[in-house]
*Asks:* 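Pasting a structure here, questions to come.
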Amino acid sequence: MPDRDDELTLSRKVKLKRLTDNGIDPYPPRYTRTSPISDAIENFESIDSPDCTSQNEQSVSLSGRIMSIRSMGKASFLDIRDASGTIQTLMRQNVLEQSYETLKDIDIGDFIGVTGTVMRTRTGQITVDTKEFVVLSKGLRPLPEKWHGLRDVEIRYRQRYLDLIANPQVKDTFVQRGKIIKGIRDFFDDRGFIEVDTPIMVPVAAGAHARPFITHHNALDQQLYLRIATELYLKRLIVGGFDKVYELGRVFRNEGIDQDHNPEFTLLESYEAYADYFSVMTMVEEMVSKIATDIFGSAKIPFDGHIIDFSPPWAKLDLREELLARSGIDIDEYPDDHSLTQVARNKGLDVGPLESRGRLIDKLLSTYVEPNLIQPTFLLDYPEDMSPLAKAKKDQPGYVERFEAFAAGMEIANSYTELNDPVVQRERFESQEKIRDIYEDDEVDRKDEDFLTSIEYGMPPTGGLGMGIDRLVMLLTGQASIRDILLFPQMRSINEQQNSEDLE
RNA sequence: GGCCCGCUAGCUCAAUUGGCAGAGCAACUGACUCUUAAUCAGUAGGUUCUCGGUUCGAUCCCGAGGCGGGUCACCA
């Protein structure tokens, strides 16, 4: 934001100076209000009847930001807003006397505290009949327009505080987000899970297919990465004897930004010993439907023109069969990357010269299957090629016990019966490293030697879950863009010096 | 990264074929003691995102760049 003193901020600075010149502290350290605004309104409504007018004489002190001013000379109405609500205040010259003059130095956007009695105006509006008021904070910049609000999406994201002030429904979405996250915590806590915090800065960025952010620790003189998943640390805790753990944490993936990708996002992961992907499936259904019902009053949630019904049980589809039905391709008939590349190209897919079988299947799924999964659906039994951390299916070579959950065409959860055979796990890591080399794909999962050591001590059979919380919040709150459920989505910096340097 | 769209007063938006850049809100001055998008009268406010080009003349046309949005690619 340019700091030039335009006319509007200048006028506010003049008023600020006048306030201090008159001995008024425009930024007093504290203010004691008798209640939030909503409580005062409710309290008044509960006693507001003609036969107990004496109660109405009880004085209240309320505080908030001035949202509008309607001045009629010797009387003015100011609407003030706090987090709980908005109330009108009436300022009258004959009541306030000389302090009425201070109103001249008050602007929309300033914070004030008012003391007076609650009453109704002739038009029935609940109003504080102000006996005295104090300035709590003088604003130097004008607020966005009161009627149209703030529409410029760039400013809404870059200066979210303005968005929150000007567009109250935006705040509701973030309140709901908080409730959803609390609902998840309650759900796991009630089931005996322990919430843990594992490292964000890690020596090996493993546990998912993604490129990491790189950083450096000076004292250790060591390259570190920002985690791309919490998986391998949580499984170490299963080895260590936590039978039920979860982490609700931020992970970081160095990739593109669009409506459902932000470089940092909130990931829920849980691991439960002696569970498998079937029991995790049941848990996911129960959790999401419970949260939807608890917070939104129904398991049926409108999203993007659909009504998504999260009531269990969700549809369960076999991955191979579903892909065959949607695309006509039976992946079992194409056991290597060359043949699968050929058939995918024949279908008109944009396939690079060198793509691994796992990546090709992923591409087929996102083209033919995932967009059609509008109602909550589990896709079951993934090929081993794209699941290095999942346990093989006993009776189905080449497949693992894994599901992903989809709704509105978006992936919302990923789960498997965890691979706990250290020898097989080592082989899987090695083959991933080979894939990384052969296909020059630096997103392929990395080998974590310390994790291998841990499971060599023995890890019990375990069911694991990963769930993208931002996408879940999008679905439940009806927001089509991840930027509308992240308070501060990642944006390119505006730095004029930087830009001019780039030009050189 | 490709393609498409947008960027005009603090905010929301106009501007004819390329011909003096406007309105509402906000601000300022004045009137007004029950208004509520208060009202009424007046005033002020612009690097039209930036740089360059075409032209007598550019918000408008052309080129390069910046930022954002959409979309495809990439990516869970």
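In what follows, chains are A, B, ... by sequence order, proteins preceding strands, each numbered from 1. No hydrogens, no waters, no symmetry mates; every other heavy atom, side chains included, goes into these values.
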*Asks:* Is there a donor-acceptor pair under 3.5 Å between the side chain of A:Ser327 and the backbone N or O of A:Ile329?
*Replies:*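 Flag set: sc A:Ser327 to bb A:Ile329 pair under 3.5 Å.
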
*Asks:* Just name whichever nucleotide pairs with B:A9, Watson-Crick or G-U, keeping both distances under 3.5 Å, else none.
*Replies:*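 Check on B:A9: unpaired, no WC or wobble geometry under 3.5 Å.
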
*Asks:* Can you measure A:His148 atom NE2 to B:A23 atom P for me and round it to whole angstrom units?
*Replies:*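 In whole Å, B:A23 P lies 16 Å from A:His148 NE2.
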
*Asks:* Indicate, with a heavy-atom threshold strictly under 4.0 Å, whether A:Asp362 touches base, sugar-phosphate, or nothing.
*Replies:*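 Base contact.
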
*Asks:* Can you tell me the distance, in whole Å, between the CD1 atom of A:Ile106 and the P atom of B:C28?
*Replies:*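 Spelled out: CD1 on A:Ile106 to P on B:C28 is 12 Å.
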
*Asks:* C1' atom, B:C67 versus B:C32: distance in rounded Å?
*Replies:*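 Roughly 46 Å separates the two C1' atoms.
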
*Asks:* From the options B:G68, B:U33, B:A27, select the nucleotide whose nearest atom is closest to the side chain of A:Ser11.
*Replies:*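 Selected nucleotide (nearest to the side chain): B:A27.
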
*Asks:* In whole angstroms, how far is the P atom of B:C11 from the CG atom of A:Leu143?
*Replies:*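 Taking CG of A:Leu143 and P of B:C11, I get 12 Å after rounding.
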
*Asks:* Say we look at B:A37 and B:C20: how far apart would their C1' atoms be, to the nearest angstrom?
*Replies:*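 Going atom to atom, C1' in each nucleotide, I get 33 Å.
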
*Asks:* One pair to check against salt bridge (Lys or Arg N to Asp or Glu O under 4.0 Å): A:Asp163 and A:Lys171. What are the steps and the verdict?
*Replies:* CA-CA 9 Å; A:Asp163 190 26; A:Lys171 200 173 137 196; over 6 Å; no

*Asks:* How long is the line joining CG of A:Asp107 and C1' of B:A27, in whole Å?
*Replies:*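 My rounded result for the distance is 8 Å.
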
*Asks:* Answer yes or no: does a side-chain N or O of A:Lys74 lie under 4.0 Å from OP1 or OP2 of B:A31?
*Replies:*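 So the side-chain polar atoms of A:Lys74 never come under 4.0 Å of the phosphate oxygens OP1 or OP2 of B:A31.
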
*Asks:* For B:A27 and B:G19, measure between their C1' atoms and round to the nearest Å.
*Replies:*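 One C1' to the other, the span is 32 Å.
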
*Asks:* Classify A:Arg211 by what it touches in the nucleic acid, base, sugar-phosphate, or nothing, heavy-atom distance under 4.0 Å.
*Replies:*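 No contact.
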
*Asks:* Of the nucleotides B:C67, B:C34, B:G70, which has the atom closest to the A:Phe77 side chain?
*Replies:*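 It is B:C34.
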
*Asks:* Quickly, which of A:Arg12, A:Arg18, A:Lys138, A:Lys15 forms a side-chain hydrogen bond (donor to acceptor under 3.5 Å, both in side chains) with A:Asp105? Name it, please.
*Replies:*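 Output: one option passes, namely A:Arg18.
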
*Asks:* Applying the Watson-Crick and G-U wobble criteria at under 3.5 Å, what pairs with B:U35? Answer none if nothing qualifies.
*Replies:*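 B:U35 is paired with nothing.
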
*Asks:* With a cut-off of less than 4.0 Å, is there a side-chain N or O of A:Arg492 near OP1 or OP2 of B:C67?
*Replies:*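 Yes, A:Arg492 has a side-chain N/O under 4.0 Å of OP1/OP2 on B:C67.
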
*Asks:* Please determine if a side-chain N or O atom of A:Lys146 lies less than 4.0 Å away from the OP1 or OP2 oxygen of B:C11.
*Replies:*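 A:Lys146 to B:C11 OP1/OP2: no side-chain N or O under 4.0 Å.
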
*Asks:* Output the rounded distance in Å from CG (A:Asn262) to P (B:G68).
*Replies:*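 About 13 Å, once rounded to whole Å.
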
*Asks:* Report the distance from atom CG of A:Leu349 to atom C1' of B:C72, rounded to the nearest whole Å.
*Replies:*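 So the CG-C1' distance, A:Leu349 to B:C72, works out to 13 Å.
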
*Asks:* Strictly by Watson-Crick or wobble contacts shorter than 3.5 Å, is anything paired with B:A15, and which nucleotide is it?
*Replies:*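 Checking every strand shown, B:A15 finds no partner, since no pair has both distances under 3.5 Å.
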
*Asks:* Let me know the distance between CD of A:Glu145 and P of B:A9, rounded to the nearest Å.
*Replies:*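 Rounded to whole Å, this separation is 14 Å.
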
*Asks:* Nearest to the side chain of A:Asp152, heavy atoms from C-beta on, is which of B:U35, B:U12, B:C34?
*Replies:*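 Of the options given, the side chain of A:Asp152 lies nearest B:U12.
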
*Asks:* Whom does B:G42 pair with, Watson-Crick or G-U wobble, provided both distances fall under 3.5 Å?
*Replies:*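 Checking every strand shown, B:G42 finds its partner in B:C28, with both distances under 3.5 Å.
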
*Asks:* Just N and O in the side chain of A:Arg151: are any of them under 4.0 Å from OP1 or OP2 of B:C11?
*Replies:*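 It does not, given that no N or O in the side chain of A:Arg151 lies less than 4.0 Å from OP1 or OP2 of B:C11.
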
*Asks:* Determine: side-chain N/O of A:Arg70 to OP1/OP2 of B:A38, distance under 4.0 Å, yes or no.
*Replies:*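 The answer is yes; a side-chain N or O of A:Arg70 sits under 4.0 Å from OP1 or OP2.
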
*Asks:* Run the salt bridge (Lys or Arg N to Asp or Glu O under 4.0 Å) test on A:Lys391 and A:Asp276 for me, step by step, so that the C-alpha distance in whole Å, both residues' side-chain angles and the decisive distance to 0.1 Å come before the verdict.
*Replies:* CA-CA 10 Å; A:Lys391 179 171 285 203; A:Asp276 64 5; over 6 Å; no

*Asks:* For the C1' atoms, the ones on B:C61 and on B:U54, what distance do you get once it is rounded to whole angstrom?
*Replies:*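 Roughly 8 Å separates the two C1' atoms.
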
*Asks:* Determine the Euclidean distance between corresponding P atoms of B:U48 and B:A21; express it in Å to zero decimal places.
*Replies:*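 These two P atoms come out 10 Å apart once rounded.
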
*Asks:* So does A:Gly85 get a backbone contact from the side chain of A:Ser38, meaning a donor-acceptor N/O pair under 3.5 Å?
*Replies:*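 No.
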
*Asks:* Would a 4.5 Å heavy-atom cut-off, applied to side chains only, mark A:Ile257 and A:Gln490 as touching?
*Replies:*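 The answer is yes; the side chains approach within 4.5 Å.
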
*Asks:* Check A:Glu384 with A:Arg357, please: is the shortest side-chain N to carboxylate O separation under 4.0 Å?
*Replies:*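 No, A:Arg357 and A:Glu384 are not salt-bridged.
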
*Asks:* Any side-chain N or O of A:Lys15 less than 4.0 Å from the OP1 or OP2 oxygen of B:C28?
*Replies:*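 Affirmative; the distance criterion is met.
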
*Asks:* Send over the distance from A:Leu8 CG to B:C25 P, rounded to a whole Å.
*Replies:*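 So the CG-P distance, A:Leu8 to B:C25, works out to 15 Å.
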
*Asks:* In sequence, state the C-alpha distance, the side-chain angles, and the governing distance for A:Arg92 and A:Leu90, and then conclude on side chain to side chain contact (heavy atoms under 4.5 Å, CB included).
*Replies:* CA-CA 6 Å; A:Arg92 290 184 288 183; A:Leu90 172 59; 3.9 Å; yes

*Asks:* Take atom C1' in B:U8 and the same atom in B:G30, then report the distance between them in whole Å.
*Replies:*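 31 Å, rounded to whole Å.
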
*Asks:* Would you classify A:Ser71 as touching base, sugar-phosphate or nothing, given that sugar-phosphate means primed atoms plus P, OP1 and OP2, and contacts are heavy atoms under 4.0 Å?
*Replies:*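 Since a base atom lies under 4.0 Å of A:Ser71, the category is base.
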
*Asks:* Which of the following nucleotides, B:G68, B:C32, B:C11, is nearest to the side chain of A:Ile155?
*Replies:*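 The answer is B:C11.
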
*Asks:* Establish, with yes or no, whether the OP1 or OP2 oxygen of B:G68 is under 4.0 angstrom from a side-chain nitrogen or oxygen of A:Arg158.
*Replies:*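 It does, given that an N or O in the side chain of A:Arg158 lies less than 4.0 Å from OP1 or OP2 of B:G68.
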
*Asks:* Does the B:U35 base have a donor-acceptor partner in the side chain of A:Gln88 within less than 3.5 Å?
*Replies:*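 Side chain to base: pair present.
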
*Asks:* Hey, does the side chain of A:Arg483 come within less than 4.0 Å of B:G68's phosphate (OP1/OP2), counting only N and O?
*Replies:*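 No, A:Arg483 has no side-chain N/O under 4.0 Å of OP1/OP2 on B:G68.
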
*Asks:* Which nucleotide wins on minimum distance to the side chain of A:Lys363, given the candidates B:C74, B:C32, B:A26?
*Replies:*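 Out of B:C74, B:C32, B:A26, the nucleotide with an atom closest to A:Lys363's side chain is B:C74.
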
*Asks:* Could you give the distance separating B:U35 and B:U39 at their C1' atoms, to the nearest angstrom?
*Replies:*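 My reading of the C1' atoms in B:U39 and B:U35 gives 10 Å.
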
*Asks:* Assign A:Asp260 to base, sugar-phosphate, or nothing according to its heavy-atom contacts below 4.0 angstrom with the strands shown.
*Replies:*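 It contacts nothing in the nucleic acid.
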
*Asks:* Checking contacts here: which listed nucleotide (B:A27, B:U33, B:G69) is nearest the side-chain heavy atoms of A:Arg92?
*Replies:*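 The answer is B:U33, which lies nearest to the side chain.
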
*Asks:* Any side-chain heavy atom of A:Phe133 sitting closer than 4.5 Å to one from A:Leu103?
*Replies:*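 With C-beta onward as the side chain, the pair touches.
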
*Asks:* For B:U71, which nucleotide is its Watson-Crick or G-U wobble mate, given both distances must be under 3.5 Å?
*Replies:*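 Partner of B:U71: B:G2.
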
*Asks:* Quick one: on RNA chain B, does A:Gly149 or A:Gln93 contact a more 5' nucleotide (nearest heavy atom)?
*Replies:*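 Its nearest nucleotide being more 5', the pick is A:Gly149.
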
*Asks:* Give one of base, sugar-phosphate or nothing for A:Met410, where a contact means two heavy atoms less than 4.0 Å apart.
*Replies:*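 Nothing, no heavy atom under 4.0 Å.
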
*Asks:* Using atom C1' of each nucleotide, how far apart are B:G70 and B:U55 to the nearest Å?
*Replies:*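 Taking atom C1' in both B:G70 and B:U55, they lie 35 Å apart.
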
*Asks:* Using purine N1 to pyrimidine N3 plus N6-O4 or O6-N4 for Watson-Crick, or N1-O2 and O6-N3 for G-U wobble, both under 3.5 Å, which nucleotide pairs with B:G63?
*Replies:*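 Partner of B:G63: B:C51.
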
